[in-house]
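Down below is the structure, laid out as structure tokens.
Residue numbers start from 1 in every chain, and the chains themselves are labelled A, B, ... in the order their sequence lines are given, proteins ahead of strands.
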Amino acid sequence: MTETILPWAIVFVMVNLVAGLSRAWKGPTDGDRMLTALLFGTTTVALLLLMAEWLGRPEIRIVALLLVLLATIVSLAFFGMPEHGENGDDG
Amino acid sequence: MADPAALVDPAGLVDPAGLVDLVALALLLAGCFFIFAGTVGMVRLPDVFCRLHAMTKADNLGLLLLSLSMALLAGTPRTALLLLLVWLLALLASTVSAHLIARHARTRLPPASGTRESEPES
Amino acid sequence: MSQPALLTGLVLVPLLAALAAVAAPAGARRPIAVAASIAWPWLLIPLGGGVVRGDELSLAFGGWAPPLGIGWRLDALGLVLMSVHAVVGIAALPSAWQRFAPGAPDAVAFWPLWLILTAGINLALLAADLFNLYVALELTTLAAVALIASEDSIAALTAAMRYLLLAVAGSLMYVLGVGLVYAETGSLAMGTAVASGTAAFGNTALALMLTGLMVKAAIFPLHVWLPGAYRNAPGPVAAVLSAVVGKVALVAMWRVWFEAAVDPPAALATLLGGIGAVAIGYGALMAYVEPRLQAVIAWSSVSQFGFLLLLLPLAGTMAFQGAGFHLLTHGLAKAAMFLAAANIVVVLGSDTVRHLPGLDKRMPIEAFTLALAGVTLIGLPPSGGFTGKWMLLNAAWDQQGWFWLILIALSGLVSAAYVFRILALTCFHPARRAVHALHARPPMATSLAALLLALAAVMIGLYPHPVLDLLGQGVPGGGAGASP
Amino acid sequence: MSAAILVFAAAAIFGIGAYGLLISRHVMRKLLALNLMLSAVFLLLIVVPAPIGGQPDPVPQALVLTGIVIAVSTTAFALALMVRLFGKQGHASIPSDLDPRVWRGRWRNSRDGPDPERNGAGAASGDKP
Amino acid sequence: MSAQLLVDMLLGTLLAGLAGAVAFGRHLFRSIVFYVAFGLAMAVVWARLGAPDLALADAAIGAGLTGALMLVAFRRLVEIDPERAEDEGTRPTGAAAWIAVAVAVLVAALVAIVGLTALSIEPAPLPAGVLVMNALDETGLGNPITAVLLVFRGFDTLIEMVVLLTALVAARVVTSDAPHRSFTLVAEFDLPLVRTLVAVVVPLAVLVALHLLWVGADDPGGAFQAGSVLAGAGVALMLSGTLVPTARSRAPMRLAAVAGVAALSVLLVVPMPDGRPPLAFLGRGSLLFAEAAMMVSIAVTLSLLFAGAPGLRRGLQ
């Protein structure tokens, strides 16, 4: 039963993802864009977990784990970036 | 959809597998709802702090519910542990990110001059 | 040593030396690199004997036969170009030794890259697998770009960047073509991965691969990166780039054409020949108007690469011998010119042609080198350049390809125009004044190395038969080219 | 059917990348465009060959994996080169090959050339002593 | 319409939309962020196609590290001259812009036609992929992609590692005498939260990397994925100030950078004295040896490329 719902859940989550992305395009502040990046990370992880079950491929869960690890690091990298730190002098 | 009749076997006992499936379904739908709530907040709320508030909380709850649902469907403790780990990491990442974003947004409240990124939308 | 050991040695010797050079302290890099550059060519002697005897010199990595694994093959064309590579590589050493002494800004990275470039070139000539060829070409390009960038000027950096971006664009087209070939044939090995099946589809894949390779071989109109890259590169690098790196991509084009395509349409061959014709004219025109000597030599390469494209419409054994021979002599002559020009820049501080009058007094060896190499570029009779063109002329005559016949004859004339412009300025300009040398001249070895290359390019025309015989037995696709 | 959809997506990405490559002058934009095109090619490489046992053919998968590593290597070097170029010339663009002004300029340069006669050694900054 | 079809269409649209956002965005920084998102979406597509190895690689290398490299390169431009970091001069306009549009449309149409044709043609009777599956038992490996990468086409992998090393050496050419600048460290925010994050993420990344390396022979994973995860850990350490770029390269670092190529070369040479072909398969143990060395090389090389410096040392914190 749940199996039949799964693909629709995936579609639903993806629609959410696309809707959330509109924020990245519109902004208006940097904070919004970084927030979208965060949303993108979380939602993609959700998407991958759903897909792992739907396709019956448990390996995909490792992809989700790796993705959330790297998303953490990349989001850290964002904050080291010029637009985001007034104290952006040479370290 | 879940046919209630299918959950009850002829002996009149509740089928545990069917029950697990039903719980997973409920969790899945709830998870989707919270993700949807997060998105609505993201799109509709007026400023970045509100959006931050809505998004991080709702989405992480959604992810937790989805993970629980998937753990039930997969049915092995190992998978459940892995999913828990993924969720905890996501939670940690969004906690730190939310904090940094909030700090960042606050420093920019009086709009800094010459930041092209911060210009109002056209 | 066994044959697989010899073949792998061609790549592994420079490669392991590169590893050693990266790991070694800065001071040890130059001797390691020089030792390896002198060592690997010796492997060509036993291998060359094998090719001359007509042995099948091939190798399957891990013992997995080609559609499954990666195959290598050393054929006559590969042997010839690898010999050019060996000779030019050694001849460029004195100049590089002097320019990149320990303590010079870029000496730390130069020597490992030099070795990696060597390994990449040899690999690209050995690869009998479409994807292995791609990896080899990427390696070669990356090393070449970095070597160009080691001349740390805006012009050189821009040229390097332009080369890199275009090369990446080219290789992505090539990879797409390879992917299509795999989708159709299920194989990546040259010889079995033939773009046959539906003709239109196979030809699209072929066209994609050729376009990608044309960027790397700087065939008109995709040559835009070449003049800047060659003329701004350090002298020894420009010598190897012009003599070997561009030609490797060209040879890859020939291989894809003759071995990975079955029955390529005649129209495509004519089109490519036509592109070659335009390249000959345009390159020569630009070479004629360029104000800088190194730029003249670079544009001449655009012209000559176009000339080498004429093999595709002519096909056949004789054309193949001619084109292969031209590859050899042009490589030697071009490398000689770039090495000589590098010395001229060192001494005069510039290589604008208006500095050239009186050069024969001040730098006689360089002037003589330029003259000798120029003779080969034009293809005047005793030189090696003549032999190559003569064979191609014969091929065109036999096939009654009158257009190609006239074109080949004209190509000599247009080359003569820009070569004589340089020579006239150097030796016969009315305003011959003694040029003022600004700097001490570089060691004699650098001048002699260039001169020897130019001499070799001419002398080989007197004894062409060993090379021609060798090329004659190694016609790709068994000589069953698309001769009309 | 899903393969066809992804082929269309790859074609669109390839076209978008080609546009970006042609139109931009900033090197980093060109690199982004090239990486997009490369992704499109990789997508085609996996989607197009017939699947084996319900999964993509392992050989193209290995090729794409190799391609990804080569792409990141090339990109990393290109970025370093770009930073250097920026430091030297003050901007990070190279002339677009589509720009007619560039063509005219190139032709003019090739005819007259900058005069390097100024007291000899000066020449262009590109001439090393 | 089936959900499956809908998922594919949404994924395709998402990919193309993100590509458009990368190419058409006005701000370079924004384009880079969208490129990272594009890489993530590619990872989802690979997962959807049943290629988890590629999903892992694209998430780690395509999105994560390429994104980080681009961000830090952009950061360096801004450091040198914030005014001109995004400066493009003038873009081609008028006829030239229309030529670009025309070329793009033409190219896209060509790719679509070729791709669709390729889908419709008769597949090869015995493609190399089937040969791989048949020969998989001889190797005793469970993951055919690892088998192709390290056994059947191991030489490609050797050269690919050389390409990576070349990028490192080549980057040295263009940074050798540049004044060294480091990126803003997140540590400057001096948040206990960030330190906690790094303290959790780095050990976990090491664990995940070792897991990927260990299972790579039979399950998705392998040296590339493991190495790039480790490189991600290195990046996190640099961002938190635990590792600091230095202008001096040290021997252990250089040895680590060449270890991968060296190990594969050993595998290539060792069988030859016995008269076996180069790179003949020597068993699972040899693969693990080579993959461990490759993982170290990839991690060190990518970290150094991110640092833009010849060496790294421990920071003060």
Side-chain angles (χ1 to χ4, degrees), chain A residues 4-15 17-18 21 24-25 27 30 33-34 36-37 40-41 43-45 47-48 50-52 54-85 87-91, chain E residues 2-4 6-7 10-11 13-14 17 21 29-30 33-34 36-37 40-41 43-44 47-48 50 52 55-56 59-60 63-64 67-68 71-72 74-75 78-79 82 85 181-186 188-189 194 197-198 201 204-205 208 211-212 219-221 225 229 232-233 235-236 239-241:
Chain A
T4 53
I5 297 293
L6 267 177
W8 294 104
I10 291 173
V11 170
F12 182 76
V13 172
M14 281 182 69
V15 171
L17 185 62
V18 174
L21 268 183
W25 188 255
D30 279 0
R33 298 208 177 82
M34 285 183 275
T36 330
F40 203 93
T43 319
T44 313
V45 169
L47 210 54
L48 283 171
L50 292 173
M51 250 178 202
W54 176 44
L55 300 171
R57 303 212 48 169
E59 311 94 278
I60 296 177
R61 290 191 194 111
I62 292 286
V63 183
L65 177 64
L66 186 136
L67 210 130
V68 74
L69 262 179
L70 287 162
T72 319
I73 294 166
V74 170
S75 68
L76 276 186
F78 279 158
F79 293 99
M81 290 307 131
E83 254 84 345
H84 309 299
N87 51 347
D89 303 320
D90 302 353
Chain E
S2 77
Q4 206 163 344
L6 209 56
V7 168
L10 272 170
L11 272 177
T13 320
L14 182 67
F29 178 76
R30 217 182 289 174
V33 175
F34 275 117
V36 174
L40 294 183
V44 177
R48 162 73 188 93
L56 285 170
L71 284 171
V72 79
F74 182 59
R75 162 90 181 130
V78 174
E79 262 171 3
R181 292 155 182 272
S182 71
F183 27 83
T184 307
L185 304 172
V186 178
E188 283 176 22
F189 288 105
V194 171
L197 181 70
V198 172
V201 162
L204 205 62
V208 170
H211 172 78
L212 287 175
D219 287 318
Q225 292 89 347
V229 173
V235 169
L239 288 170
S240 69

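Looking at heavy atoms from C-beta onward, A:L66 lies in side-chain contact with E:L212 at the 4.5 angstrom threshold. Counting only heavy atoms from C-beta outward, the side chains of E:V33 and A:T36 never approach each other to under 4.5 Å.
For E:V201, the parts sitting under 4.5 Å from any heavy atom of chain A are the backbone and the side chain alike. Both the backbone and the side chain of E:V7 come within contact range of chain A, judged by heavy atoms closer than 4.5 Å. Heavy-atom distances place both the backbone and the side chain of A:I62 under 4.5 Å from chain E. If you measure heavy-atom distances from E:L197 to chain A, the contacts under 4.5 Å come from the side chain alone. Both the backbone and the side chain of E:L56 come within contact range of chain A, judged by heavy atoms closer than 4.5 Å. Residue E:L11 touches chain A through both its backbone and its side chain, counting heavy-atom pairs closer than 4.5 Å.
To the nearest 0.5 Å, atoms CG (E:D219) and NE2 (E:H211) are separated by 7.5 Å. Atom-to-atom distance recorded for A:M14:CE and E:L10:CG is 4.5 Å, nearest 0.5 angstrom. Between the CZ atom in A:F40 and the CG atom in A:L47 there is a gap of 9.0 Å [rounded to 0.5 Å]. Once rounded to the nearest 0.5 Å, the distance linking CD1 of A:I5 with CG of A:L50 reads 12.0 Å.
The two residues E:A47 and E:A55 have their closest heavy-atom pair at N-CB, 3.9 Å.
Counting heavy-atom pairs under 4.5 Å between each of E:G50, E:G67, E:A41 and chain A puts E:G50 at the top. Note on E:G17, E:A60, E:G221, E:G64: by heavy-atom pairs under 4.5 Å with chain A, the leading option is E:A60. When A:L65, A:T44, A:L55 are compared by the number of non-hydrogen pairs under 4.5 Å with chain E, A:L55 comes out ahead.
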